[in-house]
Protein chains: 2
Amino acid sequence: MPPAQRHHPTLADVAQRAGVSASTVSRTMRGLTTVSPDVRARVEQAARELHFVVSRQASSLVTGRTGVVAVLAPTLNSWFIGSALSSLGPVLRAAGLDLLVYVVPDLAERTDFFDRLPARRNADALLVFSFDLSEEESARLDDLQMPVVYISQHAKGRPSVYVDDVAGARAGTRHLLGLGHRRIAFVQTTGASGFTFSSHERLLGYRQALIEAGVAPDDDLVVATPPGDKRRTAEAVGTLLSLREPPTAIFAEQDEVAVSLVWTLRKAHVDVPARMSVLGFDDHQMAEWSDLTTIAQSPADIGRAAGELALDLLNDPEADRARHLVLPTRLIPRATTAPPRPVAQDRPAEAAEPADPALDAPARGRAGVDTYE
Amino acid sequence: MPPAQRHHPTLADVAQRAGVSASTVSRTMRGLTTVSPDVRARVEQAARELHFVVSRQASSLVTGRTGVVAVLAPTLNSWFIGSALSSLGPVLRAAGLDLLVYVVPDLAERTDFFDRLPARRNADALLVFSFDLSEEESARLDDLQMPVVYISQHAKGRPSVYVDDVAGARAGTRHLLGLGHRRIAFVQTTGASGFTFSSHERLLGYRQALIEAGVAPDDDLVVATPPGDKRRTAEAVGTLLSLREPPTAIFAEQDEVAVSLVWTLRKAHVDVPARMSVLGFDDHQMAEWSDLTTIAQSPADIGRAAGELALDLLNDPEADRARHLVLPTRLIPRATTAPPRPVAQDRPAEAAEPADPALDAPARGRAGVDTYE
DNA sequence: ATGAAAGCGCTAACAC
DNA sequence: GTGTTAGCGCTTTCAT
């Protein structure tokens, strides 16, 4: 009675069936050219018949390469990361590499990760997503003995892929300036761990564009709110609307907040865009649904680029170990930005709470009609 | 001159440093109790000093276990999958397992995956997300020699984790019935590959609840639209509104569509919920933002449950190989459902296009005022 | 172009 | 409790 055949077939099994040595099977499986055509055919057939798959573990052991690219991410429940990984996957697969994910949602797991560096022997490269790493943590990753690519952060001296946030924010602000706005607010996003780089840069771009246009940046016009917090968002809107000189346009650092702003404004019967323009950043899926004008970035492109950069680093020892890939953004004009209505600039503004009786009607017919107050 | 120390430290290195044998180090690293406390301490210190990490490849080779759980998913850019994986990750980590992701976005990759079954020797278990597998594909996975857990699909005879869609849809429909609605439409989602199971089940629950309540299901009230397609959604709304007896409530199979419906209706100046109640399913992030009444499911719970089920299957050979974990849903009443206005049932309804001059004002003050037509 | 042999880093069986 | 020994399945010299 033959032993229960519960294990996978091995090189030796294929070799025996094809009447060759294990070495030859190995060479065949790796596509080396030093195998005669007829032998190759025999081996391939035998392998197919046995459903033979090379064991990564065994070959890793000798080659030192794991065939795995690891990703470090704070969550997978994110539009940005989800899109980027979805396009990264196929890039890696095409190169015969598998995608391993370390989800590190909280501080405890983070500390543990950097303590133990579980990726150390279990991946050929690491992609770090949207973390604000301390210099100490980056240094820790440096002695990981593998290429580490940073995504959405400017890791000086280390390979990075990110979008040109400054230019994007500048372009967005210029769009609003071009429409005639002069009082342009900027809403920062707080508490979204891991995106402080973008946050800084976008604010910077906003300021640059204002200065270029000869508009003095006003810190009263810069407020912050956490994403998804209606109350805080409403507060921020209230603060802006109750300024002596309220803005006529709001540039939100993130689409999620921008959409929330639109809701809040419309609920308070402040028409968008007739009374207030709103501009987002990201081109999040919901931006399209909400007809939000926004500065688009493509996380899919970022994921792809990061994957290709990692492959370069992996395959070419001469590759530039500090290359920064900076991807462009582009303005997508939609329905939430428009020229400001001519309004008496020095009249006191209403607060957010009192419901304005103005209709939430399309802007066209009403723009220019000064029914303010 | 010492050789360039470019390789990772091995068991032997630690053993030498701690003055013990490799076996002892191995036992220590695996937490076996047969190591005396002082030796254990010495070994652990040596390991720490050398930044030693056990090579998965090498240990896999002998144990036959890879320490990896693989996930098969059509995309990662999905609220459901993202949330589920984000909670699955930590569950696996706690068990010392890594998470490997196969993103299989299109038919070509899918065919290739089932052809080659790359997971075969590279994972201990496989979680299959939201795919509508053919019986042939499932059969292929069966001879994978590892536990395969199906998520969001009812794989008969195989371990599965999903939400009770029938009960959820029934509860939702009852909620609307309880508010007094009798003409309740159901909007199906088409083209969202991988969720046809839920789709069927939700429609079923809707029908059941109607029948239970003595309301005859009317096929005219069941329409379909792809998610994120504004035009088609508007068409669906138009179809429903132009029925001789239009609905007073719409139950959408997915929140994304429900939110889109609310937008479309409000744009057409059909007040929600005063003139039309809208109910969603999922409790997608945007449901809260949109104040959408919905049937909540928790993808995070599903991910966790699936992970734990996989661990059971992995660790307990006696475990039930066909266990189905069915998770509950719950109604979250928010602002898009309300009692129907008393309305002359047999009057002809307006079409979707003509802008109704009715204000998009809060329902309270206006409900009950019959300004219809 | 092919085969034989050595060994990658670890665990498991067996001694002691 | 701890050390010794023999592989796990593959790749890689080195022969031929």
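- Rounded to whole Å, the distance from CG on B/L61 to C1' on C/dA12 is 13 Å.
- Residues A/L144 and A/R120 are in side-chain contact: their nearest non-hydrogen atoms beyond the backbone lie under 4.5 Å apart.
- Summary of the strand contacts: A/A22 and B/R40 both lie near DNA chain D, and taking for each the nucleotide with the nearest heavy atom, the more 5' one is attributed to B/R40.
- Mapping B/M29 and A/D38 onto DNA chain C by nearest heavy atom places A/D38 at the nucleotide closer to the 5' end.
- Between A/Q57 atom CD and C/dT11 atom C1' there is a gap of 15 Å when expressed in whole angstrom units.
- In the set D/dC10, C/dA12, D/dT12, the nucleotide with an atom closest to the side chain of B/T63 is C/dA12.
- The side chain of B/R30 contributes an N or O atom lying less than 4.0 Å from OP1 or OP2 of C/dA12.
- Under 4.0 angstrom from either OP1 or OP2 of D/dT11 there lies no side-chain N or O belonging to A/R65.
- Distances shown here put a side-chain N or O of B/R121 below 4.0 Å from the OP1 or OP2 atom of D/dC10.
- Closest to the B/V62 side chain, of the nucleotides C/dG9, C/dC8, D/dT2, is C/dG9.
- Following rounding to the nearest Å, B/L11 (CG) and C/dT11 (C1') show an atom-to-atom distance of 9 Å.
- Backbone-only engagement by B/S55 is indicated by non-hydrogen atom pairs under 4.0 Å involving sugar-phosphate atoms exclusively.
- Of the possible donor and acceptor atoms, one in the side chain of A/S60 sits under 3.5 Å from a partner among the backbone N and O of A/R65.
- In this model, the phosphate group of D/dG3 is approached by a side-chain N or O of B/S21 to a distance below 4.0 Å at OP1 or OP2.
- For A/T24, no side-chain nitrogen or oxygen approaches OP1 or OP2 of C/dT2 to under 4.0 Å.
- Phosphate proximity of D/dT11 to A/S26: present, with a side-chain N or O under 4.0 Å from OP1 or OP2.
- A straight line from CG of B/L32 to C1' of C/dT11 spans 10 Å, rounded to a whole angstrom.
- Electrostatic pairing of B/E318 and B/R323 does not count as a salt bridge here, judged by no charged N lying under 4.0 Å from a carboxylate O.
- Summarising the geometry, the separation between CG on A/N122 and P on C/dG9 is reported as 14 Å, rounded to the nearest angstrom.
- The shortest distance between the side-chain N/O atoms of A/S36 and the OP1/OP2 oxygens of C/dT2 is below 4.0 Å.
- Remark: of the listed residues B/K156, B/R140, B/R158, B/R158 is the sole one forming a salt bridge (charged side-chain N to carboxylate O under 4.0 Å, His left out) with B/E135.
- Residue B/R27 has no polar side-chain atom (N or O) positioned under 4.0 Å from OP1 or OP2 of D/dG3.
- Within the 4.5 Å cutoff, the side chain of A/V103 has no heavy atoms near those of the B/L85 side chain.
- Within a 6.0 Å radius of CD in B/E137, other residues, nucleotides and ligands contribute more than 12 heavy atoms.
- Atom CG in A/D13 sits roughly 9 Å away from atom P in D/dG9 (whole-Å rounding).
- With rounding to whole Å, A/Q16 atom CD is found 16 Å from C/dG3 atom C1'.
- Within the nucleic acid shown, B/S59 comes within 4.0 Å of sugar-phosphate atoms alone, with no base atom in reach, counting heavy atoms only.
- Counting distance only, with no hydrogens placed and no angle test, the side-chain atoms of B/S23 and the base atoms of C/dA12 include a donor-acceptor pair under 3.5 Å.
- We find that NE2 of A/H8 is positioned 10 Å from P of D/dC10, with the value rounded to whole Å.
- Sequence order on DNA chain D of the closest nucleotides to A/V54 and B/V35 puts B/V35 first from the 5' end.
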